[in-house]
Amino acid sequence: MKKKIVSVLLASLMVTSMLAGCGNSSGSSSSSGAGSTGGDTTSASGTEAGDTGLTAEEQEAVDEGIIQLDGTLPIIKDPAKFEEKYGKISALIVNTADRTVEVGDLAMCQKWFEDTGVEFDWQPIPQESATEKINLMLSSGQDLPDVFWNFGDGKSGNTVVQYADQDVFLPTEGLIEEYMPNLKAFLDDNEQYQLEITAPDGHKYGFPYVEEMKGLVLTPGPFVINKTWLDKVGKEVPTTVDEWVDCLKAIRDGGDLNGNGEDDEIPMATWFGATDTFGSYNLFYRFTGAFGCADSYCGGNSYADHLRIVDGKVTFTATDEAFKKTAEFFNMLYEEGLIWNGSFEADESMSFKSSLIKENVAKIGSFGVWGDQEITNQEVHDQYVAVPRLQGEDGMTGFECNYSELQDSSDTAITTTCKFPHVVARFVDYMVGDPEISVTSNWGAIGYNYEKDEDGILRTPLDENGNYKPLNPEYKNFGEARVNSTTCRGSMIVQNEYYDTVCGYTFDAVKLLEMQKENGKDDIMEEYDTIPRVLMTQEEIQRLAQIQPTVSDIVDRYITTWVTGGVDDASWESYKTELEGAGLSELVEIYQGAVDRAASAAN
């Protein structure tokens, strides 16, 4: 699918953007020797895009046998001498609050040092004030580390673009081409990722963080229905939109289905206006495809809400007639008393996800969540099953998020003051090229979150009930063991092909993925082309920040009005007029230009 997306985008490079509606792992080492000087060394680090020449310090360290850059390990052959002569390579890391172990003492940092001889001088800063501190540091250009290990989840791309013209960050495409055969091979096989790590100036900065989980983050979480209640009212799990409505009506009229002696059963709950990362809680968007044009909504790429690639063009899907029909459909549900009144609450603490699904008896017939484990009572949890993809009057339910499994474009960003950029590049390629290192660097070390089974596959230890069983008594759950055994996010890459060959699928997401697939995940991902998470210029980001929130607010406001009061031609035209006045055409134009530019530069 990824190559299909890029092909479609490339074909549209010369196409004018429109508001058209829907209805209409390893490689061989570089041939460059460790002592090659490549080209002229004109920057502080001696390396520019396409220039793989070593810095003076690197050349000296190679000549003296302190380091080797030919792709073999260790990279630093004599760490003690390296540190005595040059000091450690400094790395700023945004530190999570629940990490109690010093970064350098993390089990994976010790493993990296054992394998590569690279021992970073870690400079942790707290997550709460990270953005402010990093911006102050970059603006002043003073006391820069050699490497920014990360910038906070998902923030690396915007940060490096903001400072791309200030000679702060080193372009890395030359390093990738000549010194990183593992990363190069991976990117060559994944053209969409190439698109998403290419800055507006055509360069790449830092290296990507990719966590492939068979598309887990590319569609919303489970859309479920209470099978126990369906059995009581004599209904089968629905396969069409009409059957689903029929089930909701049966639940409405079914009496005390949860057996608590109260008339408190709710046919369906949603959360209008939700801004969650994967668009799981607002059922409105899941039904747009059933009426002819699937929307796309994702807090993880919020400026691209209601945009998709349709027929090779960036398209605002919330002005398609399917959106109006979906509003009419939800108004019918509301008039029939099938939607929980609390669905319109803006406060997350008042939403069904924070209240109704946490109770000890089932309260809702059907709803959407990100993870099934949000239903905290196990007896209640087990009453729900995933709803198959529903056939509607002009299509099927479900949508794909404007998101990516490349979740950070520019981690381990090398600064232009770094004297050993090729050492950093070789180190990242070591992490990328060793599947076991990538997995344990991402999710936790062996002896913490993993042990090997009889076939040598990394498995998370579980008890007889399938619950997490701590290997280290200091850490009670997967998350604690993870942050206290590895840095977590960084420039490591976990590929789909690793599952069941290198490691088991992440234990707490097995059921989530299974239910997504029952919702139609595979077909949805095949059918739709979403907006790649392309890197934007600062001007584009600033303009989108002015336009897009207003556009989204207009959409949310009209949805609420239509669901509760109905939609007519006059309100529909008023809605489109307001959107245009808010800058909708410019928003689409910005995205079309950014997508075309990235596709062109990446190829």
Side-chain angles (χ1 to χ4, degrees), residues 220-239 241-274 276 278-287 326 329-390 397-398 511-512 515-516 518-519 559-560 563-564:
F223 174 28
V224 300
I225 195 164
N226 192 308
K227 179 66 164 59
T228 301
W229 290 5
L230 292 184
D231 292 342
K232 288 183 177 181
V233 298
K235 297 292 182 181
E236 299 293 327
V237 175
T239 59
V241 171
D242 287 345
E243 289 175 0
W244 180 72
V245 173
D246 193 43
C247 289
L248 297 187
K249 290 179 177 178
I251 289 169
R252 178 194 62 192
D253 302 333
D256 186 19
L257 297 174
N258 62 17
N260 69 346
E262 299 180 27
D263 182 20
D264 57 0
E265 286 76 11
I266 297 163
M268 184 269 279
T270 185
W271 180 17
F272 295 110
D276 58 294
F278 308 115
S280 302
Y281 304 99
N282 190 341
L283 288 181
F284 187 97
Y285 305 115
R286 297 193 193 229
F287 278 84
T326 306
F329 171 71
F330 269 76
N331 174 246
M332 178 274 293
L333 298 177
Y334 180 80
E335 293 293 334
E336 289 284 347
L338 302 177
I339 300 178
W340 179 50
N341 285 335
S343 298
F344 302 94
E345 291 284 353
D347 187 344
E348 180 175 346
S349 66
M350 302 294 289
S351 69
F352 75 88
K353 74 180 285 283
S354 301
S355 56
L356 297 179
I357 64 173
K358 306 295 186 186
E359 299 192 21
N360 292 327
V361 294
K363 290 292 184 70
I364 316 170
S366 190
F367 55 91
V369 288
W370 167 241
D372 62 294
Q373 294 302 315
E374 293 177 68
I375 310 170
T376 51
N377 181 283
Q378 193 62 41
E379 184 177 337
V380 174
H381 171 279
D382 293 346
Q383 295 178 32
Y384 290 92
V385 298
V387 178
R389 197 176 183 197
L390 302 176
T397 55
K511 184 66 173 178
L512 166 55
M515 297 179 86
Q516 285 181 318
E518 291 174 21
N519 287 159
I559 286 176
T560 298
V563 172
T564 57

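Not measured: the values here are computed from a predicted model. Sequential numbering from 1 along the given sequence is applied to the chain's residues.
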CD1 (I364) and CG (N226) are apart, to the nearest 0.5 Å, by 10.0 Å

In short, R389 meets T397 closest at the heavy-atom pair NE-O, 2.7 Å

| message | Would you say that N377 contacts E359 through its side chain, given a criterion of any heavy-atom pair below 4.5 Å between the two side chains? | response | no

Which of F223, Y281, F352 passes ring-ring contact (aromatic ring centres under 6.0 Å, His included) with F367? It is F352

Open item on the list: For M332, I'd like to know if atom CE has over 12 heavy atoms of other residues, nucleotides or ligands within 6.0 Å.
Closed with: yes

dist Q373:CD -> I375:CD1 (nearest 0.5 Å) comes out at 8.5 Å

field: Whether over 12 other heavy atoms sit under 6.0 Å from Q378 CD
entry: yes

Between the main-chain N or O of T270 and the side-chain N or O of W340, is there a donor-acceptor pair closer than 3.5 Å?
no

(message) I'd like to know if the side chain of E243 and the backbone of T239 have a donor-acceptor N/O pair within less than 3.5 Å.
(response) yes

I'd like to know whether V380 forms a side chain to side chain contact (heavy atoms under 4.5 Å, CB included) with N360, so could you lay out the CA-CA distance, the side-chain angles of the two residues, the decisive distance to 0.1 Å, and finally the verdict. CA-CA 7 Å; V380 174; N360 292 327; 5.7 Å; no

Any side-chain heavy-atom pair of D246 and P238 under 4.5 Å: no

Note to self: Let's go through W229 and K235 carefully: what are the C-alpha distance in whole Å and the side-chain angles of both, what is the deciding distance for side chain to side chain contact (heavy atoms under 4.5 Å, CB included) to 0.1 Å, and is it a yes or a no?
What the structure shows: CA-CA 9 Å; W229 290 5; K235 297 292 182 181; over 6 Å; no

Sub-4.5 Å side-chain heavy-atom contact between F287 and L390 | yes

To the nearest 0.5 Å, atom CD1 of I266 lies from atom OG of S343 at 8.0 Å

Using the ring of each side chain (for Trp, its six-membered ring), is F330 parallel, tilted or perpendicular to F272, with breaks at 30° and 60°? perpendicular

R252 and G337 have their tightest heavy-atom pair at CD-O, 4.2 Å

OG (S354) and CD (E345) are apart, to the nearest 0.5 Å, by 11.5 Å

Checklist entry - Where do N519 and R286 land on the side chain to side chain contact (heavy atoms under 4.5 Å, CB included) test, with the steps shown first? => result CA-CA 10 Å; N519 287 159; R286 297 193 193 229; 4.2 Å; yes

Closest non-hydrogen contact found for Y384 with K363 is OH-N, 4.2 Å

Taken to the nearest 0.5 Å, the spacing of W244 CH2 from L333 CG works out to 5.5 Å

Here the gap from L248 atom CG to L230 atom CG, rounded to the nearest 0.5 Å, amounts to 9.0 Å

Heavy-atom nearest pair, S355 first then S351, reads OG-O, 2.8 Å

Note to self: Any side-chain to backbone donor/acceptor pair from S366 onto V224? Under 3.5 Å, distance only.
What the structure shows: yes

**Item:** Any donor-acceptor N/O pair, Q516 side chain to P220 backbone, under 3.5 Å
**Value:** yes

Shortest non-hydrogen pair, L512 vs P222, comes out as CD1-CD, 3.2 Å

Heavy atoms of N331 and T564 approach each other most closely as ND2-C, 3.9 Å

Review point. Around atom CG of D347, are there more than 12 heavy atoms of other residues, nucleotides or ligands at under 6.0 Å?
Key: yes

Notebook entry, point to check: For the side chain of E374 and the backbone of G371, is there at least one donor-acceptor N/O pair under 3.5 Å apart?
Noted result: yes

Check whether K232 reaches the backbone of L257 with its side chain - one donor and one acceptor, N or O, closer than 3.5 Å. yes

Worksheet entry | Residues, nucleotides or ligands: over 12 heavy atoms within 6.0 Å of E336 CD | yes

query = Distance-only, no hydrogens or angles: does the E265 side chain make a donor-acceptor pair with backbone N or O of N258 under 3.5 Å?
reply = yes

Are the side chains of D276 and K353 in touch, meaning some heavy atoms are under 4.5 Å apart? no

